[in-house]
Amino acid sequence: MDAIEVLTNLDQIHGYYQPIFSADAHTVIAYEISGHLQIEGQQINLKDFVNNEDIPEEYRIDMEHKILHAALANIDEIGSDIDIYIPSNPNLLMQDFGESQFNIIQQYIGEEDLHRVVLVVSEHRFLGDIHQLHHALRYFTTFGVKIAIQEVGAESHLEHIALLAPHILKVNTRDLNYNSWSAQSDMISAIGSLAYKIGANLLFEDIETVYQLQFAWKNGGRFYQGPYLANPATSFVDKNILKERFKKECQQFITSEKKMLEAQYFQLKQLREELEAIVQRVKPTSDNISHLEHLAELLDSYSFRLYICNEDGFQLTPNIVRINGNWELQPQAINKNWSWRPYFLQTIIKMRNDQSGEVSELYRDIETGEITRTFSIAINAHEYLFVDLSYDYLYEHSIFR
C-alpha cells in the first residue's frame, strides 16, 4: 500500500497493543501501542509510513498523532500497574520539541500516571543534534515519563545512548546474526555491560522461538516481547496469561544453565589444578628462559603463548609463542607494560593474597583475534606467570562459554 492510499484511509486506523512480559514476575507488565490500517481484510502496520523519510514530515506527524489518539483512547481498560510504551520517530518529535505529542498523551493519561508512560525512540535514526534530543527527553522525564532506546545494536552510538540515560534498552532478536555468533555475542555483552552501568533494563523484542527467549534470558533480558509470546491485537490480555508456561520454560532454562555452569566449574577447577602442578614441577623464573621454554613444551596442548611479568605489569621475559606448531621467542615483548588491561592489577592482588592460580573470563586476544582465557599464577614473591590458552583447547573441553 502506497502513501496516497494510506492517507485516503485514515478513518480506518485502529490502535493495537502488544504485551511485554517480565522475567521476574512472568506476567504482562506493559503494552506497546501501534497503529494499523484495516482495509479489505488486510492489516497494515503504519510504522514504515511514519519512518519513511520520503514522505513529507507534516503527513507523518499527523499520522503519529492519529495513532496516539486511536491507541490511547482505550488505555484506561488496562490496570494502573501496567506501563504504556509509545514509539516515536525522534526526527518528528523534535519538530516542536515533543510538545504536541506530550499534549496528546496528557489528554488520556493523568499527571499522576505519567510514570507509566515509556517513550520509545531510535537513537541512531535521529538526524539532528543529539544534545537537543537529550534536552527534550529530559523534559519528559521530569514528569515521570521513562525513556526506551530501540534498535540497539551495531549501528548504535554508545556515547549517545549514555547521554540520553534511558531506562530501557530494546534489542531486536530478529537482527541477531547467528552466522557470526562470536561477534554477535560480543555485541550483546557490550550492550549488557552498558545497560548495567547506566542502570537500564534490557528488553528483547521480536522473539519468535523458545530458543530466542532462552537467549534473551541468558543475556540479562528482564523484559520480553514478540510473536512467540503474543502478537499485537486490538484488545488486552489477562496479565497472567503466560505465567504458568513462563514459569515452566524458565525452570528449564535454569536447570540447563546450572548444569552447564557446574560442568564448566569443574572443568576450570581441573584445568587450574593441572596447570598449577605442571608449573610447580618446572619452577620457571624470569632469569632462566630455558625453564620457560621447557614449560611451553609441557603446555603444548593447552597454550599458544606464555610469559612472565612483575607485579606492576612490566614483562620480564620474551613471549614464548607457538607458531605453525613450533615454539618461538619474541624478545621485543620484554619491558612492555600490561597494567592497562582490564582486571590486570586486580588479578595480581588476588593471586598475591590467595596464593593460587587464576583462570580469566573469556576475552578476544588483541593479536590473534581468537577467543581465549588466561591462566595466571604467582611463581615467587615478585613474578607472575601468564599462560594464554588456545581456543582449540577451550572448545574441546567445553570451557569456551
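By convention here, the first residue in the shown sequence is residue 1. Small disclaimer: the values here were computed from a predicted structure and weren't measured.
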Verify, without hydrogens or angle tests, whether [X] (side chain) and [Y] (backbone) share a donor-acceptor contact under 3.5 angstrom.
X    : Y    : value
S156 : G153 : yes
E276 : G357 : yes
N319 : V321 : no
N219 : F215 : yes
E205 : V171 : no
T374 : S360 : no
D312 : F314 : no
S193 : S189 : no
T234 : Y16  : no
N51  : K47  : yes

Contacts under 3.5 angstrom, residues 133-149 side chains, donor-acceptor by atom type, not counting sequence neighbours:
from: H134; atom 1: ND1; to: L163; atom 2: O; distance (Å): 3.2
from: H135; atom 1: ND1; to: R138; atom 2: NH2; distance (Å): 3.4
from: T141; atom 1: OG1; to: R138; atom 2: O; distance (Å): 2.7
from: T142; atom 1: OG1; to: Y139; atom 2: O; distance (Å): 2.5
from: K146; atom 1: NZ; to: D83; atom 2: OD2; distance (Å): 3.4
from: K146; atom 1: NZ; to: H115; atom 2: O; distance (Å): 2.3

Tell me which pairs pass salt bridge (Lys or Arg N to Asp or Glu O under 4.0 Å) where either residue lies in residues 377-391, with sequence neighbours left out.
R305-D388

Would you mind checking if [Y] and [X] are paired as a salt bridge, meaning a charged N to carboxylate O distance below 4.0 Å?
X    : Y    : answer
E262 : K258 : no
D81  : K239 : yes
R364 : E370 : no

Side chains of [X] and [Y]: does their closest heavy-atom pair fall under 4.5 Å?
X    : Y    : answer
I75  : I84  : yes
I168 : P166 : no
Q264 : S398 : no
K170 : V120 : yes
Y224 : F246 : yes
I82  : Y31  : yes
T173 : T209 : no
V117 : Y85  : no

Please, which pairs that meet ring pair (Phe, Tyr, Trp, His ring centres under 6.0 Å) have at least one residue in residues 44-66, sequence neighbours excluded?
none

Those residues that, when tested against Q214, pass side-chain contact (heavy atoms from CB on, under 4.5 Å) (two or more places apart)
F253, S256

Just jot down the ring-ring contact (aromatic ring centres under 6.0 Å, His included) partners of [X], sequence neighbours excluded, or say none.
X    : value
H397 : Y393
H167 : none
Y343 : none
Y363 : none

Which pairs pass side chain to side chain donor-acceptor pair (under 3.5 Å) with one or both residues in residues 66-75, sequence neighbours excluded?
H69-Y108

Hey, can you pull the donor-acceptor pairs under 3.5 Å for the side chains in residues 295-302, sequence neighbours left out?
from: D300; atom 1: OD1; to: W327; atom 2: NE1; distance (Å): 2.9
from: Y302; atom 1: OH; to: E274; atom 2: OE1; distance (Å): 2.8

Q332 atom CD, over 12 foreign heavy atoms within 6.0 Å:
yes

When you look at CD of E159, are more than 12 heavy atoms from neighbouring residues, nucleotides or ligands closer to it than 6.0 Å?
yes

Between Y228 and L213, does the side chain to side chain contact (heavy atoms under 4.5 Å, CB included) criterion hold? Intermediate values first, please.
CA-CA 8 Å; Y228 179 72; L213 180 63; 3.9 Å; yes

What's the shortest heavy-atom distance between I67 and S34, and which atoms?
CG2-C, 3.8 Å

Going by the angle between their ring planes, with limits at 30° and 60°, are F236 and Y17 parallel, tilted or perpendicular?
tilted

When the aromatic ring centroids of Y384 and Y307 are compared, is their separation below 6.0 Å?
no

Throw together a table of side-chain donor-acceptor distances under 3.5 angstrom for residues 18-29, partners on residues two or more places apart or in other chains.
from: Q18; atom 1: OE1; to: Q225; atom 2: NE2; distance (Å): 3.2
from: Q18; atom 1: NE2; to: A230; atom 2: O; distance (Å): 3.0
from: S22; atom 1: OG; to: D24; atom 2: OD1; distance (Å): 2.9
from: S22; atom 1: OG; to: A25; atom 2: N; distance (Å): 3.1
from: D24; atom 1: OD2; to: R222; atom 2: NE; distance (Å): 3.1
from: D24; atom 1: OD2; to: R222; atom 2: NH2; distance (Å): 2.8
from: H26; atom 1: NE2; to: A23; atom 2: O; distance (Å): 3.1

Go through the structure and list residues passing side-chain hydrogen bond (donor to acceptor under 3.5 Å, both in side chains) with R60, not counting sequence neighbours.
E53

